[in-house]
Amino acid sequence: MRLSAYFLPTLKEIPAEAQIASHRLMLRSGMIRQSSAGIYSWLPLGLKVLRKIETIVREEQDRAGAQELLMPTIQPAELWRESGRYDAYGKEMLRIVDRHDREMLYGPTNEELITQIVRDNIRSYRDLPKILYHIQWKFRDEVRPRFGVMRGREFLMKDSYSFDIDYEGARKSYETMFTAYLKTFKRMGLTAIPMQADPGAIGGNLSHEFHILAETGESGVFYDVAYDELAARGDIDLDSLSRLYAVTDEKHDPNAANVPPPDRLKTARGIEVGHIFYFGTKYSKAMNAVVTGPDGAPVTLEMGSYGIGVSRLVGAIIESSHDDRGIIWPEAVAPFAVGIINLKSGDSRCDGVCEDVYRALSDHGLEVLYDDRDERAGVKFADMDLIGVPWQLVVGPKGVAAGIVELKNRYSGEKQELSLESALARLTA
RNA sequence: CGGGGCGUAGCUCAGCCUGGUAGAGCGCCAGCUUUGGGAGCUGGAUGCCGGAGGUUCGAAUCCUCUCGCCCCGACCA
């Protein structure tokens with residue numbers, strides 16, 4: 001992409017409404033623009049990152065055996081009356097009346113809808129187990145939206161639902177998702193810690209929240225350092241983790257049996273990016289989701305649900321990875337792999353080298369952002385740092401004369417002067 | 001949902017207290033000079049001063065109502 005043609009409205013000054021780093025940086029880097037409180041448009045740069053995160057989530061769901069479908073955003077109130085949640089949900093649910101005076105709602109979650117689909121289409125235990133998921137926009141009419149996409153009213157969520165014939169199966173589905181979540185967050189360059197959680201409004205008796213550590217996290221968290229050691233070995237599963245102490249501050253009990261000694265207890269701030277629940281027959285019973293079991297008798301389905309805040313992750317990643325110059329994207333979710341800074345657009349030698357490099361890197365399948373604008377060097381450096389492109393190739397008249405380009409790493413700040421050939425080799429390795 | 005704050009140019013904000021018909025910096029447009037970390041000079045465009053009522057000869061400014069946004073607290077992927 002040539003920056004001269006790209007729709008990238010960056011801001012030099014900090015928008016007054018933004019309080020935390022990720023919100024400021026998403027506005028400044030031209031990723032999002034607010035439409036109304038807690039509701040955002042995603043501009044090209046922001047959408048690119050959102051899609052990358054979505055893709056990782058999707059790949060790990062598919063790999064875990066979950067199957068993607070797509071349910072609507074608008075749901076009938078009737079369905080929610082079946083489960084009893086229409087009245088229970090309160091003002092957070094956005095209620096709509098259509099032209100025929102039918103009561104509808106913009107879905108805040110999809111347990112009812114998916115339960116209806118499964119109950120209407122699965123009749124035998126032989127068709128189980130199933131894990132179904134979709135990645136769809138949700139709406140929760142938060143009293144007080146804040147922090148940009150971290151707590152918006154409209155947000156993109158991946159939600160999976162498991163259906164099993166018995167508890168053992170449901171437990172296995174839960175573990176499958178648990179493991180998939182750890183892999184998903186790790187691929188994004190995040191340290192996510194599963195915390196024993198309160199199932200809350202979803203109900204049930206087994207639940208974990210996944211928090212990523214960041215100074216501006218909304219929750220205080222306490223966890224056993226043994227987690228860091230396990231994570232470093234990649235040796236993580238539900239059994240080993242469930243023995244470890246890891247809770248959010250509202251659940252922290254210094255007198256609990258498994259609290260580690262003070263020198264082993266870490267405290268930090270966390271952002272909740274995932275939440276998984278086993279809730280048994282809460283919805284299947286209320287909504288009569290029943291299949292025929294092996295002995296011919298009806299069996300009420302065992303269910304669980306598993307959410308990941310896809311749009312929130314964009315903010316969460318920035319919270320955990322930025323500096324005073326801008327965003328530092330982990331390579332797995334970076335909107336562009338390489339940025340080319342032409343320090344003297346219009347100079348035939350600089351232009352020539354940049355064009356060659358741009359083509360060579362693009363031909364290698366890399367996503368490249370080429371700053372070909374007629375701007376001063378400082379502006380280009382500042383914008384490239386702001387939007388956080390992991391690798392920056394700086395091409396200037398002095399270097400070109402000497403056959404050299406500069407390769408800068410956004411994360412470490414390290415700059416290396418290399419021949420054009422070796423710079424290309426490094427980037428395409 | 002309680003408490004507080006703010007709506008003036010694309011952005012950040014001054015002006016409001018003490019009414020007299022709209023400003024700065026940045027950005028944008030043109031020209032010249034610059035050119036390795038958000039340049040300088042000159043000239044230019046841009047505002048229903050959030051909206052509606054009211055007071056007044058006259059309202060960005062005072063009064064009433066209303067809408068929007070932000071912050072603190074209680075709730076959530």
Side-chain angles (χ1 to χ4, degrees), chain A residues 9-20 23-24 27-28 30 33-39 53 57 89-93 107-110 135-160 181 192 197-202 207-212 218-219 248 250 271-277 305-316 324-326 341-347 350 371 373-386 392 394-401 404-406 408 413 415 417:
Chain A
T10 58
L11 302 173
K12 195 150 109 182
E13 293 182 83
I14 300 170
E17 75 262 23
Q19 302 299 316
I20 63 167
H23 190 192
R24 289 176 179 170
L27 289 166
R28 286 226 292 137
R33 286 293 180 265
Q34 179 165 308
S35 170
S36 52
I39 303 179
I53 292 170
V57 170
Y89 221 95
K91 288 192 146 185
E92 207 172 69
M93 181 149 75
T109 178
N110 286 60
I135 300 174
Q136 176 65 291
W137 292 91
K138 305 292 190 295
F139 196 92
R140 291 183 194 173
D141 199 358
E142 297 274 349
V143 200
R144 194 185 152 210
R146 63 186 125 163
F147 303 150
V149 301
M150 297 266 284
R151 186 192 288 274
R153 292 195 291 171
E154 187 182 54
F155 57 96
L156 187 61
M157 180 165 113
K158 186 288 299 177
D159 40 325
S160 311
Y181 274 35
D198 184 346
I202 306 275
S207 177
H208 284 86
E209 288 180 8
F210 290 76
H211 284 259
I212 73 163
E218 289 192 74
S219 323
T248 54
E250 64 264 25
I271 300 168
E272 184 186 352
V273 291
H275 200 159
I276 63 178
F277 307 85
S305 71
Y306 315 87
I308 289 181
V310 176
S311 49
R312 174 180 282 184
L313 271 167
V314 180
D324 55 1
R325 300 197 56 77
I341 294 180
N342 185 343
L343 288 178
K344 195 166 186 179
S345 296
D347 176 274
C350 286
D371 193 345
R373 296 175 301 172
D374 182 21
E375 287 288 351
R376 300 174 62 81
V379 173
K380 296 188 178 188
F381 285 126
D383 272 342
M384 203 60 86
D385 282 349
L386 176 62
Q392 302 173 8
V394 182
V395 178
K398 293 174 200 162
V400 166
I404 282 172
V405 295
E406 182 184 287
K408 177 183 152 183
K415 300 172 189 170
E417 297 205 325

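A note on names: the letters A, B, ... follow the listed sequences, proteins ahead of strands, and every chain is numbered from 1.
- Side-chain proximity of A/Asp383 to B/G36, B/G38, B/C70: nearest is B/G38.
- As rounded to the nearest Å, B/C63 and B/A9 have C1' atoms that lie 28 Å from one another.
- The side chain of A/Pro397 sits closest to B/G36 out of B/A77, B/C1, B/G36.
- Residues A/Gln19 and A/Val149 each lie close to RNA chain B; by heavy-atom proximity, the contact nearer the 5' end of the strand is made by A/Gln19.
- Taking every side-chain heavy atom of A/Val143 into account, B/A74 is the closest of B/A74, B/A77, B/G37.
- Put simply, the side chain of A/Arg146 and the base of B/C71 share no donor and acceptor less than 3.5 Å apart.
- With hydrogens and angles ignored, a donor-acceptor pair closer than 3.5 Å exists between the side chain of A/Glu406 and the base of B/G36.
- If you check every strand for non-hydrogen atoms under 4.0 Å, A/Gly274 touches sugar and phosphate atoms only.
- The closest side-chain heavy-atom distance from A/Glu272 to A/Thr248 is not below 4.5 Å.
- Atom CD of A/Glu375 is separated from atom P of B/G37 by 15 Å (rounded to the nearest Å).
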Distances for protein N or O near nucleotides 31-33 of chain B N or O, under 3.5 Å:
none

If you restrict it to nitrogen or oxygen atoms, what contacts under 3.5 Å exist between nucleotides 6-13 of chain B and the protein, and what is each distance?
{"unit_1": "B/C11", "atom_1": "O2", "unit_2": "A/Glu13", "atom_2": "OE2", "d": "2.9"}
{"unit_1": "B/U12", "atom_1": "OP1", "unit_2": "A/Ala16", "atom_2": "N", "d": "2.7"}
{"unit_1": "B/U12", "atom_1": "O4'", "unit_2": "A/Glu13", "atom_2": "OE1", "d": "3.3"}

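- The base-pairing partner of B/G20, taking Watson-Crick or G-U wobble contacts with both distances under 3.5 Å, is B/C57.
- A/Lys158 approaches A/Val310 most closely through the heavy-atom pair N-CG2, 3.8 Å.
- Just one residue in the list A/His275, A/Lys138, A/Gln136 forms a side-chain hydrogen bond (donor to acceptor under 3.5 Å, both in side chains) with A/Asp159, and that residue is A/Lys138.
- The phosphate of B/G38 (OP1 or OP2) has no side-chain N or O of A/Arg376 nearer than 4.0 angstrom.
- A sub-4.0 Å separation between OP1 or OP2 of B/G68 and a side-chain N or O of A/Gln34 is absent.
- Residue A/Phe155 and nucleotide B/A77 are classified as a stacked aromatic pair, their ring centres being separated by less than 5.5 Å at an interplanar angle below 30°.
- In summary, the side chains of A/Thr10 and A/Lys12 do not present any donor paired with an acceptor at a separation below 3.5 Å, with no hydrogens or angles considered.
- Residue A/Arg28 is classed as a base contact, given a heavy-atom separation below 4.0 Å to a base.
- The base-pairing partner of B/A39, taking Watson-Crick or G-U wobble contacts with both distances under 3.5 Å, is B/U33.
- Scanning both residues, A/Cys350 and A/Asn342, for their nearest heavy atoms gives CB-OD1, 3.4 Å.
- Closest to the side chain of A/Glu218, from the set B/G36, B/C76, B/C1, is B/C76.
- For the C1' atoms, the distance from B/U56 to B/U21 is 14 Å, rounded to whole Å.
- Atom CG of A/Leu343 is separated from atom P of B/G38 by 12 Å (rounded to the nearest Å).
- Proximity note for A/Lys12 (side chain, C-beta onward) versus B/G38, B/G37, B/C75: the nearest is B/G38.
- Distance A/His23 NE2 to B/C69 C1': 11 Å, rounded to the nearest Å.
- In plain terms, the two heavy atoms of A/Arg373 and A/Asp383 that are nearest each other are NH2-OD2, 3.0 Å.
- For the pair A/Val394 and A/Lys415, the minimum side-chain heavy-atom distance is 4.5 Å or more.
- The separation of B/G10 from B/C49, taken at their P atoms, amounts to 12 Å, rounded to a whole angstrom.
- Each of A/Arg325 and A/Pro145 has a nearest nucleotide on RNA chain B; the 5'-most of these lies closest to A/Arg325.
- The separation of B/G4 from B/A59, taken at their C1' atoms, amounts to 27 Å, rounded to a whole angstrom.
- Among the heavy atoms of the strands, none lies under 4.0 Å from A/Asp159.
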